[in-house]
Protein chains: 2
Amino acid sequence: MATDSLSIGDLARTTDTKVETIRYYERTGLLPPPPRTSGNYRAYGGEHLARLSFVRRARDLGFSIEQVRALLGLADQQHLSCEAVDTIARERLAEVDRKLADLAALRRELASLIGQCRHGTIAECRIIEALAPG
Amino acid sequence: MATDSLSIGDLARTTDTKVETIRYYERTGLLPPPPRTSGNYRAYGGEHLARLSFVRRARDLGFSIEQVRALLGLADQQHLSCEAVDTIARERLAEVDRKLADLAALRRELASLIGQCRHGTIAECRIIEALAPG
DNA sequence: TATGCACCCTGTAGCAACTACAGGGTCAAG
DNA sequence: CTTGACCCTGTAGTTGCTACAGGGTGCATA
């Protein structure tokens, strides 16, 4: 492939993304369709790399595809106030906090269950018992 | 419906499960198909209620459908050692611990991002900047 | 020159674990 | 005898990918 552009495989390796995922992002409009070579191969430039990196980082932080789409849209509106960005990020933070609390509660329950195991037969298993009360 | 049996709607209300979910559990073999009334309505008894409660509790603790299936299978083998049960529960606990650690790390990153927001325009937004570095 | 191999293309189906219809049947009350 | 709440089956949608199948491209090597 030409020196100044990346094949989809190159882009995949560079951003630690599967080739299929990149095509999926293109289908769903997260990434713009790149130009094609004469052989119909996708030829990516630096702006595609930047955009995909953005998407990956946001996804790694757990933003949903729709949130990423919103963030990308905002990123292009340089003159706007960054309040909307802040709002999306805070929403995500609240979500993370909820999940952390849920998981922590769940962990306590699970650990208590396991702590009750007396290593006998299933007939006297406290874990099974705890799952199936009357 | 007869006094001694529950309609799918009754069962759904009692266990806080959607009707469709109950049918889904039946399709996938988590719940045994109940007898039917003359009008072809499902008629559940106490054992179905117990089994669905078990499933719901296990699912609420985050066990996968396959893990629940395994637990149900074990619950019926009263003479076996409860080691296998313990193993499944410990696996789940390890999973929860991994997720807690991941989420906590993610929370730190997110909070640091948000903390950097200076409430200006998007052009100078630290959040956008942090997502799209060179 | 042939041919092998890695890579690319499109399109579709599958994963978990539900959820939401569409298009019908059943049943008790008014 | 009709209304409305409930039930039935079957299928498609959700999220975010992932995995083929069945082909084309492009470069190096025998």
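This is a predicted model, so every value here is computed, not measured.
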Subject >> Atom pair distance, as rounded to whole Å: CD1 in A/I22 and C1' in C/dC9 >> reply: 14 Å
Original post:
Out of D/dT18, D/dG16, C/dT19, which nucleotide sits closest to the side chain of A/I65?
Top reply: D/dG16
Original post:
If you round to the nearest 0.5 Å, how far is CG of A/L31 from CG of A/L11?
Top reply: 7.5 Å
Original post:
Counting heavy atoms not belonging to A/E83, are there more than 12 under 6.0 Å from its CD?
Top reply: no
Original post:
To the side chain of A/R23, which of C/dT10, D/dT9, D/dT18 is closest?
Top reply: C/dT10
Original post:
Do the charged groups of B/R23 and B/E20 touch, with an N to O distance under 4.0 Å?
Top reply: no
Subject >> Proximal nucleotide (of C/dT10, C/dA17, D/dT18) relative to the A/R42 side chain >> reply: C/dT10
Original post:
Considering only side-chain heavy atoms of A/S64, which listed nucleotide, D/dG16, C/dC21, C/dC9, is closest?
Top reply: D/dG16
Original post:
Start at the 5' end of DNA chain C and walk down; is the nucleotide closest to B/S38 or to B/E66 reached first?
Top reply: B/E66
**OP:** Ignoring the backbone of B/N40, work out which of D/dC8, D/dC17, C/dC27 is nearest its side chain.
**Re:** D/dC8
Subject >> First encountered from the 5' end of DNA chain C, between B/R56 and A/E26 >> reply: A/E26
Subject >> B/Y25 side chain near C/dC18 phosphate (N/O to OP1/OP2, under 4.0 Å) >> reply: yes
**OP:** Using atom CD of A/E20 as one end and atom C1' of C/dT12 as the other, report the distance to the nearest whole Å.
**Re:** 13 Å
Original post:
Within this structure, what is the CD-to-C1' distance between B/Q67 and C/dA17, rounded to whole angstrom?
Top reply: 14 Å
Original post:
A/T28 near the nucleic acid: base, sugar-phosphate alone, or nothing, with a heavy-atom cut-off under 4.0 Å?
Top reply: nothing
**OP:** In whole angstrom, give the distance that lies between atom CG of B/L11 and atom P of D/dC7.
**Re:** 10 Å
**OP:** Would you classify B/R59 as touching base, sugar-phosphate or nothing, given that sugar-phosphate means primed atoms plus P, OP1 and OP2, and contacts are heavy atoms under 4.0 Å?
**Re:** sugar-phosphate
**OP:** Measure the distance from CZ on A/R27 to P on D/dT18 and round it to the nearest whole Å.
**Re:** 12 Å
Original post:
Out of D/dC20, C/dC18, D/dC8, which nucleotide sits closest to the side chain of B/Y24?
Top reply: C/dC18
Subject >> Expected output: side-chain B/Q67 to main-chain B/S64 donor-acceptor under 3.5 Å >> reply: yes
Original post:
With a 3.5 Å cut-off and just heavy-atom distances, do the side chain of A/Y41 and the base of D/dG24 make a donor-acceptor pair?
Top reply: yes
Subject >> Most 5' of A/K18 and B/R36 on DNA chain D, judged by nearest nucleotide >> reply: B/R36
Original post:
Does the side chain of B/L49 reach to within under 4.5 Å of the side chain of B/Y44, using non-hydrogen atoms?
Top reply: no
Original post:
To the nearest Å, how far apart are B/L52 CG and C/dC18 P?
Top reply: 11 Å
**OP:** Determine: side-chain N/O of A/R13 to OP1/OP2 of C/dA6, distance under 4.0 Å, yes or no.
**Re:** no
Original post:
Which listed nucleotide (C/dC18, D/dC8, D/dT18) is nearest to the side chain of B/T21?
Top reply: C/dC18
Original post:
For A/R69 and D/dC17, what is the distance between atoms CZ and C1' respectively, to the nearest whole Å?
Top reply: 14 Å
Original post:
For residues 100-113 of chain A, which residue pairs qualify under salt bridge (Lys or Arg N to Asp or Glu O under 4.0 Å), counting only residues two or more places apart or in two chains?
Top reply: A/R107-B/D97
Subject >> Distance, rounded to the nearest Å, where B/I8 contributes CD1 and D/dA5 contributes C1' >> reply: 15 Å
